[in-house]
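Before any comments, here is the structure.
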Amino acid sequence: SKPQESSQSAEVETEESKFAHAPLVEHIFTADPSAHVFEGKLFVYPSHDIETDVEEDDMGSHFDMKDYHVFSMEKVNGPVTDHGVALKLEDIPWASRQLWAPDAAEKNGKYYLYFPAKDKQGIFKIGVAVSDRPEGPFKPEAEPIKGTFSMDPAVFQDQEEYFLIWGGIWGGQLQWYEDQKLIEGRKGPMDGLPGPDQKALMPYIAKLDDAMTGLSEKPKEILILDENGEAIKAGDNARRFFEAAWMHKHDGKYYLSYSTGDTHFIAYAIGDSPYGPFTYQGNVLEPVEGWTNHHSIVNFEGKWYLFYHDTELSGKTPLRNIKMAELVHLPDGKIQTINSYQK
Ligand code: FUB
């Protein structure tokens, strides 16, 4: 049945524990979960999917979201609290539509929500909003973060440094840029995509500045290589980067995971620096129900968890539900591939 929308400020707790491939919440549709541990609790920053009349297309126009809710859990398998609306489209001065996959970071007791939205010209930019609390409400900056483009921001903290990682092709518009400049006339999901034998488009990374609201360096492309040290090619659809970049560190190695989009995997690659290069290793997550696949990986109380979504509650691609499962790094550093339907 269709989840009911919660009131804006109500704190909603699920009645029973939900874990291991069950929807974490059922009262609203949620997707693209970015999980972090703040104040000793698991906080989840997802997209908030809603029903829309916008027709489905390869630009993802049917993902027409208008606000964000933040969720928290004191323990795995425990109740999930919905802290209500943390940020609304109408409060973001520069944005016009489509609040897509967000992420969050904490620094010196302040919380930062990074989010993509289309500006008034229909171009995706990445914005930031600030709060004193992990659950918000977040106050958006007046302008998007200078130097950002495309969507799906993820923040990776390495000791005292914070990196913003982002990008996505097709609806994510990354193919409309050359040397980080928007090329006029590119409008469709395939306009500007490299040929199948050319290097694939890759995600971008840049250090965040001290204030956490700007970039402190020019963004760099993160190279993803195959087993021969060659950049993954655009026609290698089962391995090339599409969207949903995420970074975590395990045993001194950096792991870049991402969605392969039209082949529906969450793939991963390992490197020695957040800037890469990264070498492709395999899949974190097999395809899930629904077109999109989008995840995060977090360590909580000594165990690793994968957060992801599928469409179990609705059966419809733009109406997703977030889930979680334990994730295992094998002794050789590889990630044990998860198939969410084999329990
Ligand atoms: O939720 C909207 C978009 O769908 C996200 O930004 C993508 O990663 C995909 O999950």
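Read the numbers this way: they start at 1 and go in the same order the structure lists the ligands and their atoms.
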Filter on ring pair (Phe, Tyr, Trp, His ring centres under 6.0 Å), then keep only pairs touching residues 189-228, sequence neighbours left out; what's left?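 Residue pairs passing ring pair (Phe, Tyr, Trp, His ring centres under 6.0 Å), neighbours aside: Phe149-Tyr204.
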
List the closest protein heavy-atom neighbour of atom 10 (O) of ligand 1: residue, atom name, distance to the nearest 0.1 Å.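 Protein heavy atom with the smallest distance to atom 10 (O) of ligand 1: Asp32 OD1, 2.7 Å.
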
Return the residue, atom name and 0.1 Å-rounded distance of the protein heavy atom closest to atom 9 (C) of ligand 1.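 Checking every protein heavy atom, the shortest distance to atom 9 (C) of ligand 1 gives Glu243 OE2, 3.3 Å.
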
Quick check on contacts: which atoms of ligand 1 are under 4.0 angstrom from a heavy atom of Ala101?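 Contacts of ligand 1 toward Ala101, numbered from 1: 6 (O).
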
I'd like to check which ligand 1 atoms, numbered from 1 as shown, lie under 4.0 Å from a non-hydrogen atom of Met65.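 What qualifies from ligand 1 is 1 (O), 2 (C).
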
If only atom types and distance count, is the side chain of Glu106 paired as donor or acceptor with the main-chain N or O of Gly109 below 3.5 Å?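 Yes: the side chain of Glu106 pairs with the backbone of Gly109.
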
Are any of the N or O atoms of [X] closer than 3.5 Å to those of ligand 1?
| X | value |
| --- | --- |
| Asp152 | yes |
| His294 | yes |
| Arg320 | yes |

Can you check whether Thr30 reaches Phe71 side chain to side chain, under 4.5 Å on heavy atoms?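 Result yes, sub-4.5 Å side-chain heavy-atom pair found.
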
Only pairs at least two apart or in different chains count here, so list each salt bridge (charged side-chain N to carboxylate O under 4.0 Å, His left out) that has a residue in residues 68-80.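 Passing the test, one end in residues 68-80: no pairs.
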
Considering only NZ, NE, NH1 and NH2 on the basic side and carboxylate oxygens on the acidic side, decide whether Arg320 and Asp49 come within less than 4.0 Å.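 Looking at Asp49 together with Arg320, the answer is yes, because their closest N to O distance falls below 4.0 Å.
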
According to the interplanar angle, ranging from 0 to 90°, do the rings of Tyr45 and Phe138 count as parallel (below 30°), tilted (30 to 60°) or perpendicular (above 60°)?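 Plane angle over 60°, so perpendicular.
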
